[in-house]
2 protein chains.
Amino acid sequence: MSRYRFERAEALAFLQSLDDASVDAVITDAPYSSGGATRGDRMSNTTLKYVHTGTILERPEFAGDNRDQRAFGYWCALWLSEALRVARAGSPICVFADWRQVPTVTDAIQAGGWVWRGIVPWDKGPAARPSMGRFSSRCEYVVWGTSGASLDLESVGCLQGLVHCHQTTDDKHHMVGKPTPVMQHLVKICPPAGIVLDPFAGSATTGVAALLEGRRFVGCELTEAYYGIGLDRLEACAQGVSLEAYRAGQRPLFG
Amino acid sequence: MSRYRFERAEALAFLQSLDDASVDAVITDAPYSSGGATRGDRMSNTTLKYVHTGTILERPEFAGDNRDQRAFGYWCALWLSEALRVARAGSPICVFADWRQVPTVTDAIQAGGWVWRGIVPWDKGPAARPSMGRFSSRCEYVVWGTSGASLDLESVGCLQGLVHCHQTTDDKHHMVGKPTPVMQHLVKICPPAGIVLDPFAGSATTGVAALLEGRRFVGCELTEAYYGIGLDRLEACAQGVSLEAYRAGQRPLFG
DNA sequence: TGTAGGTATGAATCCGACT
DNA sequence: AAGTCGGATTCATACCTAC
């Protein structure tokens, strides 16, 4: 039996298709809808917004990154509340946010019925986005909580509330993808052999991390290109081979 | 002329006594009113609230740490709005918060008329308060912003948006005091030779850091015991001697 | 002065017992 | 019942003591 299940689907619809209390942790990186101050900025070509000037990395656009602040909060509360139903009582949840979205996400997570338990900064290192006369934005944040007040996490040790890891292009399969070591750290909050859910899986880094740490994975991704990359990465990981080796194996050797 | 001014006063009253546009930065650590889910926990003896059970740390209590969430936000907006008047246009502001108060402080800073510009985590190191099955609370947070939209910070270089510093016993003069190196880093956001304001000065670590970094200082503290400690530290720093040496000099050698 | 080993500590949180 | 109280728990590091 496969240790993962990955589908091409819209997040809310996918969540609705899952049974009550059928997963042990939710770990995800929902589209931030951050960046531009004006609606025009947010609606503009999303592909270019995230790439460093001068280096055009060809990555597919991704959907759902153009909501305003209020709509973003409302939409988060919607899927978070559906995720609560799907999660076993006592399950932990981790949601990424940049500094601008932290208050909205902490509100939304609570509006969705989860108990907010803290913030885990992800430190991207000193190189990240220096700018004159201000504090650099070198951190992103993981807002975390649990389903219900009582913790069911005795099986899990004490985890550090800060992750250091700078992003290498090597490990970057999605435009705003998170490094695998960061996800491996977060995944440890899920009880061993438990099921990790990621309804915004992208290139499935959460899933790869879950498999590497001995957890199982359930997730979905809407954008076709990312879904394809994610599927390859998951299968390569499940077979214990590199992505390149796996893909080479998929191609007919003698065309 | 003295490079600092430190008074025993209540914060809001002190702020009201200051002239418009008379300081160049606001850097402060207001009482969090956090820690404790119930009103009783928050209202309980502050001396015991923050220390390990069974060990009594001999430090004076401090005032104003018992507001509920809503009152805390309202009160912050009040003094923040008064601080905005006192700050020159373009001045930066830094306010400490623990994870629980971050959203309230980001709201309050904006309600007070400031432009919110980011979050700077202070990492206390891996030793901080572990507990089973959770991410440790090893960070506190500095919410920062500016007076008005246009930054007037060209005189200041690029500052790191994360501070690592473990609290040492030597450098801890207040029950919840911040390490001097942390404050030295923050104080650099103030233009050189500018005036740093701290209306919740406690043992005046902000002031000491300001002097060490070549800035001037204006502040107040309500609790008498901390006011006394702060005054000694500032004067010792201004004279370029250690706190112990300064205090020894104050005592008559032959009683 | 240096190293090794024991102890104390932390802006905490949980849970059962009690009012 | 909902709210409150108090004891027990967690571990990496700093600090202290002994050699």
Side-chain angles (χ1 to χ4, degrees), chain A residues 89-90 92 115-120 144-164 185 188-189, chain B residues 28-69 72 76 94-102 104-105 121-143 163-183 200-203 205-206 223 226:
Chain A
V115 177
W116 177 34
R117 296 205 172 264
I119 299 174
V120 179
W144 78 282
T146 53
S147 161
S150 72
L151 282 158
D152 175 26
L153 305 169
E154 294 306 312
S155 48
V156 175
C158 176
L159 299 170
Q160 285 299 332
L162 177 79
V163 201
H164 291 284
H185 183 75
K188 292 191 183 111
I189 198 73
Chain B
T28 195
D29 182 21
Y32 293 176
S33 297
S34 188
T38 68
R39 182 175 154 278
D41 286 346
R42 283 190 305 272
M43 297 292 287
S44 67
N45 188 324
T46 338
T47 312
L48 298 176
K49 192 160 79 175
Y50 298 120
V51 293
H52 192 289
T53 312
T55 62
I56 308 292
L57 212 59
E58 292 192 14
R59 291 214 174 81
E61 266 189 64
F62 60 102
D65 195 44
N66 45 23
R67 296 176 175 86
D68 71 19
Q69 190 89 4
F72 174 74
C76 282
C94 299
V95 183
F96 276 87
D98 74 350
W99 65 269
R100 217 182 281 265
Q101 301 293 13
V102 164
T104 306
V105 173
W122 163 36
D123 176 24
K124 295 183 276 190
R129 287 278 182 180
S131 97
M132 284 291 281
R134 17 187 330 137
F135 297 103
S136 63
S137 307
R138 60 183 275 180
C139 293
E140 285 180 41
Y141 301 89
V142 179
V143 175
V163 201
H164 291 283
C165 186
H166 183 269
Q167 177 72 281
T168 62
T169 319
D170 283 3
D171 191 28
K172 188 159 182 169
H173 301 91
H174 189 288
M175 196 188 311
V176 297
K178 302 294 175 279
T180 308
V182 171
M183 301 314 294
F200 305 94
S203 54
T205 307
T206 307
T223 306
Y226 288 122

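A note on names: the letters A, B, ... follow the listed sequences, proteins ahead of strands, and every chain is numbered from 1.
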key: Upstream residue (5' side of DNA chain C) when B/A127 and B/S131 are each assigned their closest nucleotide   =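 Residue closer to the 5' terminus by nearest nucleotide: B/A127.
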Mind checking [X] for me? I need base, sugar-phosphate or nothing, with any heavy atom below 4.0 Å counting as a touch.
X      : result
B/D29  : base
B/A30  : base
B/W122 : nothing
B/S136 : nothing
B/Q167 : nothing

Would one find a side-chain N or O of [X] under 4.0 angstrom from OP1 or OP2 of [N]?
X      : N      : value
B/K172 : C/dA11 : yes
B/R100 : C/dT13 : yes
B/R134 : D/dT9  : no

Considering only side-chain heavy atoms of [X], which listed nucleotide, [options], is closest?
X      : options                : result
B/T168 : D/dC15, C/dA11, D/dC11 : D/dC15
A/C158 : D/dC11, C/dA12, D/dC15 : D/dC11
B/D65  : D/dA12, D/dC15, C/dA11 : C/dA11
B/E140 : C/dA11, D/dT13, C/dT13 : C/dA11
B/V176 : D/dA14, D/dA12, C/dA11 : C/dA11

Separation of atom [atom1] in [X] from atom [atom2] in [N], rounded to whole Å:
X      : N      : atom1 : atom2 : answer
B/K124 : D/dA14 : NZ    : P     : 15 Å
B/R138 : C/dG10 : CZ    : P     : 18 Å
A/L162 : D/dA12 : CG    : C1'   : 14 Å
B/M132 : D/dA8  : CE    : C1'   : 14 Å
B/Y32  : C/dA12 : OH    : P     : 10 Å
A/R117 : C/dA12 : CZ    : P     : 16 Å
A/Q160 : D/dA12 : CD    : C1'   : 8 Å
B/F135 : D/dC11 : CZ    : C1'   : 17 Å

request  = Assign each of B/A128 and B/D170 to its nearest nucleotide of DNA chain D by heavy atoms, then name whichever residue's nucleotide is nearer the 5' end.
outcome  =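 Upstream on the strand: B/A128.
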query = What are the two closest heavy atoms between A/Q160 and A/V120, and how far apart are they?
reply =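 Closest approach of A/Q160 to A/V120, heavy atoms only: O-CG1, 4.5 Å.
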key: Interatomic distance at P, D/dG6 relative to C/dA11, whole Å   =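 Going atom to atom, P in each nucleotide, I get 22 Å.
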query = Between B/Q101 and B/S33, is any side-chain donor less than 3.5 angstrom from a side-chain acceptor?
reply =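 Side-chain D/A pair, B/Q101 to B/S33: absent.
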request  = Could you grab the distance from atom OG1 of B/T28 to atom CE of B/M183, nearest 0.5 Å is fine?
outcome  =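 Spacing of OG1 (B/T28) from CE (B/M183) equals 7.5 Å.
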key: Short side-chain to backbone donor-acceptor contact, B/W122 and B/C165, under 3.5 Å   =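 A pair under 3.5 Å: yes.
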query = Is there a donor-acceptor contact under 3.5 Å from the side chain of B/D65 to the main chain of B/Y32?
reply =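 Judged by distance alone, yes, a pair lies under 3.5 Å.
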query = Under 3.5 Å, is there an N or O donor on one side and an acceptor on the other linking the side chain of B/K178 and the base of C/dA11?
reply =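 Donor-acceptor pair under 3.5 Å: yes.
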Parallel, tilted or perpendicular: rings of B/H174 and B/Y226 (30°, 60°) =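 Parallel: the ring planes of B/Y226 and B/H174 meet at under 30°.
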Base paired to D/dA18 (Watson-Crick or G-U; both N/O distances under 3.5 angstrom) =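 Result: C/dT3.
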